[in-house]
Each structure stands twice: as C-alpha cells, then as structure tokens.
Amino acid sequence: MKLVFIFTEEVDMREETPTITTQNTLEPLSLESFEGILLPMYSSYVTAGFPSPADDYLEEMVNLKEHLIRNPGTTYMMRVRGNSMRDAKIEDGDILIIDCKAKPKDGYPIICSIDGEFTTKTFREKGGRLFLEPANPDYPIIEITGEMELRAWGVIVWILHKPIRR
Amino acid sequence: MSTLFALCDCNNFYASCERAFQPSLNGKPVVVLSNNDGCVIARSNESKALGIQMGTPFFQIRDLVECGDLHAFSSNYTLYGDISSRVMRGLAEFAPSVEVYSIDESFLDLSNMLGKDMNAYCRQIKESVLQWTKIPISLGVAPTKALAKVANRLAKKSAKANGVLVLTDPHHITAALKATSIEDVWGVGRQYAKLLRRHGVETAYDFTLKQDAWVKKHMAVVGLRLVKELRGESCLDLDEVSPPKKGICTSRSFGERLTELNDLVEATANYAAKCAKKLRKQKSCAKVVTVFVQTNHFSERDAQYFNSKTIAMPVATSSDLELIHYATLALKSIYRAGYRYKKTGVILKEIVPDNQIQYDLLDTVDREKHGSIMETVDKLTTRYGRDVVKVGTQGLGNSWQLKCERKSPCYTTRLSDLPIVNNSV
C-alpha cells in the first residue's frame with residue numbers, strides 16, 4: 001500500500017521562527033483578536049534613559065489567530081493524550097493545530113489514523129520507504145506496508161503547550 | 001458564451017461528518033437521528049445496505065444499536081454547520097463563483113474551464129475536499145444547473161462514475177435524460193410528476209420533447225425554464241449572495257408533551273433568545289414578533305389546540321431581554337390550560353439592518369445599555385459555550401428540551417470537545 005497525500009500547499013516549518021536580531025531582544029509585536037480576546041503587548045526593551053525606538057511601532061498589530069492558522073477552512077485542533085512524541089516536544093495535554101492542506105515532508109509531525117484511532121508520528125521517507133516514527137524510545141517505529149490501514153490526516157503546524165499546569 | 005456548471009453534493013453528509021473525527025467508524029453502518037431522536041434522517045452506505053430506510057423510527061433499530069451493529073447519533077448541527085462551511089470554502093478554491101444551495105450542496109460556475117479535462121479536474125476537486133475536510137463528495141457537471149443535477153444524481157448511483165460525471169457530449173446528455181425518471185428531476189414535485197405522467201412523460205427526456213406552450217400553460221414560467229435547462233439552454237444563473245433573511249423562526253417539538261405555562265414560557269424564552277442571536281449575527285433588528293403554540297395533531301386521543309399571537313414592538317430590537325419580554329406576553333395571551341402542547345415557536349418579521357432603526361420619541365428602553373449587555377453575552381457564549389449566561393425566564397431545568405441522547409462532541413467548535421490524539425500507541 002502507498003501512502004497517498006492530496007495536498008496542495010508546501011509549508012516550510014522553519015519560516016515561522018521569529019528572527020531574533022540581538023540577544024535578549026524580542027521583536028515588538030502587538031497581539032490582536034485571538035477569538036475576540038485582546039492581548040496587551042509590551043515592548044520587551046527595557047532601556048534606561050532613552051525611550052525605546054520600538055514604541056513607535058506599538059500600533060502595528062499582529063493577529064495571533066492569523067499567525068497560527070493559515071488556512072482556516074482546513075485547520076483543526078486536537079488534544080494530546082500520551083507520551084509517544086515526548087522528545088518531539090509534543091506532550092500529554094498539549095493542543096495541536098493541524099492543517100490538512102499542508103504537504104507532509106520527511107521529518108514533519110503528522111496526524112494519522114491507525115486502526116481507527118488518531119495518533120501522532122514523525123513522517124519519514126527513506127530510500128523510497130515510508131515510516132511513522134515515534135519520538136520516545138518506548139514505542140516502535142512503524143513502516144507503512146501493504147496490509148496496514150492507514151490514513152494521513154494532516155500535518156501538525158503548531159503545538160500549544162502550557163508550561164505550568166495544575 | 002457557453003456555460004458550464006458543477007453541482008457538488010456531499011455524500012451522506014451528516015453521517016460523513018460524524019465519521020470525520022471517529023476513524024473507527026469508517027466502513028461501519030452509521031445513522032443520524034432527527035431532532036428528538038425520533039427517526040433516521042441520514043444513513044451511511046453501510047446502513048443503507050442493512051436495509052434501513054430514511055424516516056425509520058428509532059425504536060425499530062434500537063436493538064441493532066444496542067448490540068453494537070449500528071452506530072446512531074443525535075443530530076449535531078453545530079458540527080454539520082462548521083464542516084459544511086469548510087467544504088464550501090474548499091470548493092471555492094476551484095471556481096470563480098460558488099452558490100451554496102443547501103447545507104450539503106453547492107453549484108460551481110466552471111464556464112471559464114470549458115475545454116479543459118473536466119473529468120480530471122473534478123477528480124482533483126473530489127480528492128482535495130476529502131483530504132481537507134474528510135467529507136466525500138460527488139460532482140455532476142453540465143451546461144445548465146438542471147442538467148448538473150441530473151449528472152450528479154447519476155454520478156452517485158453509478159459505480160463506474162465513482163462520484164464524478166461530466167455531461168457535455170449531446171449523446172451522453174440524451175442518455176442521461178432517458179435514464180432519469182420524471183420524479184427525480186430537480187424541481188418537479190409529486191403533483192407535477194403526476195400531471196406529466198398523465199400526459200405520457202415518464203422520463204426527463206420525454207419532458208424535453210414537450211412543446212413550450214404546453215409546459216408554460218401547465219407549469220407556468222418556472223416549468224418552462226426547467227424544460228429549457230434540460231434541453232441545454234442555461235436559464236438559471238448562479239445565485240451567489242444570499243440576502244439577509246427576511247424572517248427568522250425558531251421552533252422545536254418538545255421531548256415530552258408540556259401542559260404547564262411555566263415550561264412553555266421557558267421554552268419560548270429560549271427560542272426568542274436563539275432568534276435574537278441570529279438577528280445580531282446578521283446585524284439586524286426585528287419589529288414584529290409572533291409566537292405560536294400547537295398540540296400534537298396526529299394524536300387522536302388529545303384535545304387539539306393551535307393559536308398564535310403577533311406583537312408589533314415599539315422599536316425594532318435584537319435584544320434578548322426585549323424579545324423574551326414580548327414573546328412571553330404573546331405566549332401568555334394564547335396559552336390555555338388543559339392541553340398537552342407539542343410545539344411552540346417564535347417568528348420574527350419586519351427585519352431591518354440595525355443601523356436603519358426608527359426610534360420612538362417615547363421610548364423608555366436604554367438601547368445603548370441593551371446593546372452592550374448583548375455584546376457581552378455574545379462574547380461570553382463564544383468563549384465559554386452556549387447558554388453560559390441567560391435571561392432568568394429561560395430557566396435552568398429545561399424539561400421541554402429536545403431529546404438528544406446520542407449527540408457527538410462539537411469537535412471543531414468547542415475547546416473542551418476537541419478530538420483526542422492517542423499518543424500511547
């Protein structure tokens with residue numbers, strides 16, 4: 001069996017990383033309208049004496065929703081249970097943002113359904129063979145072979161992780 | 001210029017939505033039940049194969065469900081609405097204009113694609129929509145909307161077509177029309193089908209042979225347009241933008257028969273609040289509210305009663321508080337003790353955009369305050385879920401509530417209902 005993907009969009013997972021020009025400096029951003037909730041944004045500059053040049057740019061708003069969700073019509077969220085992707089920074093309780101339009105490439109975390117259940121694996125393409133790789137040594141690597149029932153559901157584009165939980 | 005339309009129809013839409021987030025249901029028989037879990041309103045192919053009919057009462061299939069041979073769901077319109085808009089959005093990428101015809105059907109204008117490999121293009125649409133939304137669709141393509149409907153129906157029925165049928169060749173069109181009986185033609189109701197059959201029309205093809213004058217005489221201009229469309233002459237354009245609704249109605253049958261005024265008031269208040277929310281969503285206000293009550297007219301042992309009351313409000317409004325107030329007044333004036341009520345409903349009319357309201361000199365309502373209350377309520381419900389805040393009249397008990405014991409989670413619209421990824425395998 002082949003793993004067939006019908007995707008039209010190539011997503012470069014790296015491009016979303018903000019460019020940090022100077023150490024200890026974050027880009028000044030305002031966050032606006034994430035599901036109608038306004039988040040105040042402060043410049044991260046703490047300068048003594050001079051007013052920050054970044055203050056001039058405070059009105060520039062960034063819509064967090066647009067930033068996280070590029071294709072609203074094909075984007076879904078799912079909640080993680082279990083630790084098989086721990087070393088890929090996908091942990092129990094995280095919320096995943098999944099784009100079903102993004103094209104999976106070697107190394108991308110994807111959602112697939114195996115034996116009627118959704119699960120997360122890293123998609124690997126090695127020498128014409130396809131693998132689903134967990135990110136935890138306790139779990140096996142699965143090679144996609146003829147008799148498996150497998151559907152590639154979508155590509156994980158963001159992981160929402162809460163650092164402190166009760 | 002020649003025209004080309006595609007009719008895209010989601011296969012077994014409600015059942016497919018239930019499956020989208022439960023991969024374990026693939027290949028299993030699934031049905032969706034009507035409001036109140038009364039009867040079957042959608043079936044997966046597997047349940048059709050089990051011989052389950054549309055409208056089968058739930059009690060007849062309860063045994064199958066209880067022993068796990070059939071999966072039954074209460075209707076989850078929040079989920080279906082969201083998936084529907086995703087499907088339509090996906091389709092919009094393939095055509096310059098789209099007419100959303102119903103929750104699971106839309107017309108695409110493909111006139112600019114004439115001369116391209118339509119079959120391949122349609123396969124691409126079908127595969128993409130499946131990958132993007134997990135919903136299988138069928139496409140029928142033809143020079144007119146009525147013919148696209150014919151093509152779509154055959155696309156679904158024929159195993160060879162496998163969900164895509166392009167009718168552009170005149171010979172194929174004739175064959176398709178001959179294979180479509182007159183009852184199955186778009187817009188031909190039971191009455192017209194009877195009339196046409198009396199005049200020797202058995203199939204869509206026979207219909208196209210009728211004289212224009214005859215059709216116009218018996219079926220008016222609508223029938224004439226239809227027959228021309230079937231002959232390949234495009235008369236119906238894409239109707240892209242649906243105008244704001246002229247009337248809004250919320251009405252449901254109760255889970256059990258109600259006799260007490262208080263229960264009816266609660267139900268009516270909730271329906272009024274639902275209408276108000278719909279109004280605010282389309283940024284309009286209503287001037288007239290009608291409330292109706294009815295008993296179960298199918299029941300022979302119950303005394304029958306139906307009544308309605310219409311109130312013209314002093315100023316058009318979209319506030320829960322005002323609409324509930326007037327709906328309750330209307331209800332109280334028509335309620336009669338001693339009947340077992342089956343249904344009540346709220347209808348709003350005289351709907352105007354909220355920036356074109358005529359104010360009343362003697363108006364005592366603080367409209368600005370109402371506006372900001374409603375805005376806050378809408379924000380809270382978006383954030384925390386429906387009915388998290390409501391007007392006291394709407395009650396807490398809700399004994400009148402619909403039965404929906406088998407409802408699936410709102411996978412795509414509620415944070416607490418997100419599908420679970422099992423990372424322990």
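So you know, we letter chains A, B, ... as the sequences are listed, proteins then strands, and number each from 1.
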**Q.** Per-residue contacts, residues 82-91 of chain A versus chain B, heavy atoms under 4.5 Å
**A.**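 Within residues 82-91 of chain A, the residues that come under 4.5 Å of chain B (heavy atoms only) are A:Gly82, A:Asn83, A:Ser84, A:Met85, A:Ile90.
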
Q. Has the side chain of B:Ser106 got a donor or acceptor atom that lies under 3.5 Å from a matching backbone atom of B:Val98?
A.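 Absent.
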
Q | Donor-acceptor pair, side chain of B:Arg19 and main chain of B:Val30, under 3.5 angstrom | A |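 The answer is no, because no donor-acceptor pair under 3.5 Å joins these two groups.
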
Q. Checking side chain to side chain contact (heavy atoms under 4.5 Å, CB included) against A:Val157, which of A:Asp99, A:Leu68, A:Ile69, A:Ile98 comes through?
A.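 For A:Val157, the side chain to side chain contact (heavy atoms under 4.5 Å, CB included) check succeeds only for A:Asp99.
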
Q) Looking at A:Thr120, A:Asn136, A:Val80, which one has more heavy-atom pairs under 4.5 Å with chain B than the rest? A)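 When all of A:Thr120, A:Asn136, A:Val80 are compared, A:Thr120 has the most.
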
Q | Qualifying residues under side chain to side chain donor-acceptor pair (under 3.5 Å), relative to B:His370, sequence neighbours excluded | A |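 Expected list: B:Ser319.
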
Q: State whether B:Arg280 and B:Asp320 are salt-bridged, where the test is any N-O pair (Lys NZ or Arg NE/NH1/NH2 against Asp/Glu carboxylate O) under 4.0 Å.
A: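 Yes, B:Arg280 and B:Asp320 are salt-bridged.
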
Q.
Can you confirm whether or not the ring centre of B:Phe5 sits under 6.0 Å from the ring centre of B:Phe107?
A.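 No.
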
Would you mind checking which part of [X] comes under 4.5 Å of any heavy atom in chain A, side chain (CB onward), backbone (N, CA, C, O), both or neither?
{"X": "B:Arg89", "answer": "side chain"}
{"X": "B:Thr133", "answer": "both"}
{"X": "B:Leu25", "answer": "neither"}
{"X": "B:Ala20", "answer": "backbone"}

Q: Can you sort out the partners of B:Asn162 under side chain to side chain contact (heavy atoms under 4.5 Å, CB included), two or more places apart, ordered by chain and number?
A: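 Scan of B:Asn162 (side chain to side chain contact (heavy atoms under 4.5 Å, CB included), adjacent residues dropped) gives B:Arg123.
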
**Q.** For B:Phe21, all residues meeting ring-ring contact (aromatic ring centres under 6.0 Å, His included), sequence neighbours excluded
**A.**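 B:Phe21: ring-ring contact (aromatic ring centres under 6.0 Å, His included) contacts with A:Tyr76, A:Trp153, B:Tyr411.
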
Q: With a 4.5 angstrom heavy-atom cut-off, could you sort out which part of A:Pro72 is near chain B: side chain, backbone, both or neither?
A: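 For A:Pro72, the contact with chain B is made by backbone and side chain together.
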
**Q.** Largest heavy-atom contact set with chain A, pairs under 4.5 Å, which of B:Val87, B:Val421, B:Leu418, B:Leu415
**A.**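 Between B:Val87, B:Val421, B:Leu418, B:Leu415, the count favours B:Val421.
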
Q. Within 45° of the axis and under 6.0 Å from the centre of the six-membered ring of A:Phe123, does NZ or CZ of A:Lys105 qualify?
A.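 No cation-pi geometry.
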
